[in-house]
Every structure is written in C-alpha cells, then in structure tokens.
Amino acid sequence: SSGLIAFTSDRDGNLEIYLMNADGSGQINLTNNTAYDYGPSWSPDGRQIAFCSSRDGNYEIYLMNADGSGVTRLTDNAAFDYGPAWSPDGRQIAFNSERDGNWEIYLINADGSRLTNQTNNVASDYSPEWSPDGRQIAFSSDRDGNREIYLMNADGSGLTRLTNHGADDSYPVWSPDGRQ
C-alpha cells in the first residue's frame with residue numbers, strides 16, 4: 001500500500017472503493033458493483049483490503065486483493081456487519097455487528113475462521129481500533145448513557161473507560177507509537 005490510497009466514492013452513482021496514487025493520479029474503481037461498497041481497511045502487508053458491502057443482500061465484511069481481484073465474503077449473517085479494522089499482525093479483523101440485537105465488536109480470523117464476540121453489552125459498542133502492538137482495542141460505547149471511548153485487551157478483558165464527558169466521544173485512532 002506504499003504510496004497508494006484506498007477511498008470510498010459515489011461518483012458512479014453508488015458507493016464504490018477506489019484506489020489512487022498518493023499524488024491523486026491513477027484513480028481506478030476496484031469494486032465495480034451495483035451494491036454499496038465502502039469503508040476500506042488495508043491489511044498491514046498492503047496485499048489485501050477489507051471492506052463492507054451489501055452485494056449479497058445485507059452488509060457483510062469482504063476481502064479483496066489490493067488490485068480488486070479475489071473478492072471473498074468474510075462474514076455471513078442476516079444482521080449488518082461493518083467497519084473492518086485489521087490487527088497489526090494481519091491475522092484478525094475487528095468489526096461491528098448487530099447480530100445479537102445491538103452493536104457489538106467482533107473479531108474474526110482473516111481466513112474467516114474463529115468468530116468471537118469481544119463485547120457483550122446492551123449498549124452499542126462500535127469503531128474498534130487496534131493498538132499498534134495489537135494487544136489492545138480502543139472503541140466507542142454508549143454503555144454509560146452517552147458515547148465515550150473505552151479500552152480493552154484484544155481478548156475482551158480489562159475494560160477501561162478513558163473519557164467521561166457529557167458530550168459524545170467517538171471514533172478513536174491510535175498514535176503510531178501507541179502512547180496516545
């Protein structure tokens with residue numbers, strides 16, 4: 001993925017995943033599908049892109065090669081799955097799903113095996129973001145009445161609330177060194 005940017009655009013009439021050079025040149029449509037395709041997430045080695053698509057009737061997580069070939073569905077559930085985030089070692093993908101009736105964070109191996117629910121709360125948990133060392137996941141949740149930022153170990157243990165404010169706090173992103 002060095003020097004390449006994947007992005008979502010509706011320039012052809014519906015959401016698609018595009019690829020371009022870092023200077024904006026060479027823009028190409030990778031997905032070319034009548035369904036909505038959005039939310040690209042690069043694998044750490046730059047060889048694959050995870051994304052969300054409604055091409056099979058509802059939103060699922062898919063993988064494709066960085067050139068748009070080899071599209072495969074990773075999840076298969078009647079509920080919405082979205083927001084893929086690769087683990088730093090490229091072995092797992094965290095994502096959001098409402099398969100248990102409300103938004104939770106799940107992990108799945110990049111080969112589609114071993115689906116696990118990392119949060120299990122009546123509130124909405126979403127926007128998982130791996131720490132650079134892969135040991136923790138930051139996420140947003142409204143479990144305390146409004147959206148706050150939480151931290152948990154990658155195995156779902158060690159839950160800690162990081163923010164406590166009356167306003168909504170959401171969409172955490174780690175600094176490259178994992179300190180902020």
Side-chain angles (χ1 to χ4, degrees), residues 1-88 90 92-112 115 118-119 123-130 137-142 146-147 149 167-176:
S1 65
S2 178
L4 297 174
I5 297 171
F7 64 100
T8 304
S9 176
D10 65 357
R11 62 182 67 182
D12 74 348
N14 71 302
L15 295 175
E16 301 282 5
I17 310 254
Y18 287 79
L19 191 65
M20 68 179 166
N21 295 316
D23 65 3
S25 67
Q27 296 182 15
I28 58 168
N29 182 336
L30 292 181
T31 50
N32 288 303
N33 193 287
T34 58
Y36 280 11
D37 300 311
Y38 69 97
S41 177
W42 286 98
S43 63
D45 65 8
R47 294 171 54 186
Q48 290 183 298
I49 297 172
F51 65 101
C52 181
S53 179
S54 62
R55 64 185 59 201
D56 290 316
N58 75 311
Y59 291 101
E60 301 286 357
I61 306 297
Y62 288 78
L63 296 180
M64 66 180 161
N65 295 324
D67 64 2
S69 68
V71 174
T72 58
R73 185 170 62 190
L74 197 61
T75 63
D76 187 1
N77 191 278
F80 283 8
D81 297 329
Y82 80 100
W86 287 86
S87 63
Q92 292 180 299
I93 296 172
F95 66 96
N96 303 310
S97 180
E98 60 176 1
R99 61 185 64 207
D100 74 350
N102 69 301
W103 293 108
E104 302 284 4
I105 295 170
Y106 286 78
L107 296 185
I108 193 166
N109 288 344
D111 65 4
L115 176 73
Q118 298 307 101
T119 60
S124 293
D125 301 320
Y126 54 96
S127 304
E129 186 73 28
W130 292 87
I137 297 173
F139 66 99
S140 300
S141 178
D142 62 6
N146 72 314
R147 290 182 217 172
I149 306 298
D168 283 345
D169 300 323
S170 56
Y171 301 105
V173 179
W174 290 84
S175 65

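Only this structure's heavy atoms are used, side chains among them; waters, hydrogens and symmetry mates stay out. None of the values given here were measured: they were computed from a predicted structure.
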Return each pair, listed once, that meets salt bridge (charged side-chain N to carboxylate O under 4.0 Å, His left out) where at least one residue sits in residues 24-38; pairs must be two or more places apart or across chains.
Asp37-Arg55
Taking the side chain as C-beta and beyond, is there a heavy-atom pair between Thr8 and Tyr36 under 4.5 Å?
no
Return the minimal non-hydrogen interatomic distance between Phe51 and Ile17, and the atom names on each side.
CB-CD1, 3.6 Å
With Tyr82 as partner, the option from Tyr126, Trp103, Tyr106 fulfilling ring-ring contact (aromatic ring centres under 6.0 Å, His included) is Trp103
Has the side chain of Asn109 got a donor or acceptor atom that lies under 3.5 Å from a matching backbone atom of Asp111?
no
Write out all pairs satisfying ring pair (Phe, Tyr, Trp, His ring centres under 6.0 Å) with one or both partners inside residues 9-34, taking only residues at least two apart or from two chains.
Phe7-Tyr18
Hey, could you give me the OG/CG distance between Ser141 and Asp169, rounded to the nearest 0.5 Å?
12.0 Å
So Leu4 and Asn21, do their side chains get closer than 4.5 Å, heavy atoms only?
yes
Checking the side chain of Glu60 only, and the main-chain atoms of Asn77 only, is there a donor and an acceptor separated by less than 3.5 Å?
yes
Pairing residues for Asp168 by the salt bridge (charged side-chain N to carboxylate O under 4.0 Å, His left out) criterion, not counting sequence neighbours:
Arg147
Thr75 side chain vs Ile61 backbone, donor-acceptor pair below 3.5 Å:
yes
Just how far is it from atom CD1 of Ile49 to atom CH2 of Trp86, taken to the nearest 0.5 Å?
10.0 Å
Taking ring-ring contact (aromatic ring centres under 6.0 Å, His included) as the test, write out the residues that go with Phe139, two or more places apart.
Tyr150
Pairwise side-chain contact, Asn96 with Pro128, heavy-atom cut-off 4.5 Å (strictly under)
yes
Enter the distance from Asp125:CG to Ser97:OG here, rounded to the nearest 0.5 Å.
12.0 Å
Nearest 0.5 Å please: distance from the OG atom of Ser41 over to the CD atom of Gln48.
11.0 Å
pair Leu107-Ile93: side-chain heavy atoms closer than 4.5 Å
no
Distance col, row Ser53:OG vs Asn58:CG, nearest 0.5 angstrom, shows 10.0 Å
Name all residues meeting the ring-ring contact (aromatic ring centres under 6.0 Å, His included) criterion together with Phe80; count only those two or more places apart in sequence or in a different chain, and write none if there are none.
Tyr59
Residue of the set Asn32, Thr31, Thr34 for which side chain to side chain donor-acceptor pair (under 3.5 Å) holds with Glu16:
Thr31
The residue among Asn14, Asp10, Leu15 that forms side chain to side chain contact (heavy atoms under 4.5 Å, CB included) with Asp12 is Asn14
Taking atom types as modelled, find out whether Asp23 and Ser25 have a side-chain donor-acceptor pair closer than 3.5 angstrom.
yes
side-chain hydrogen bond (donor to acceptor under 3.5 Å, both in side chains) for Asn102 and Ser124? Distances and angles first, verdict last.
CA-CA 6 Å; Asn102 69 301; Ser124 293; 5.0 Å; no
Within the 4.5 Å heavy-atom criterion, are Ser140 and Ile149 side-chain neighbours or not?
yes
With sequence neighbours left out, what residues match Arg73 under salt bridge (charged side-chain N to carboxylate O under 4.0 Å, His left out)?
Asp56, Asp76
Measuring from atom CG of Asn29 to atom CZ of Arg11, what distance do you get when rounded to the nearest 0.5 angstrom?
8.5 Å
Passing option when Phe95 is tested against Ile105, Ile108, Leu74 for side chain to side chain contact (heavy atoms under 4.5 Å, CB included):
Ile108
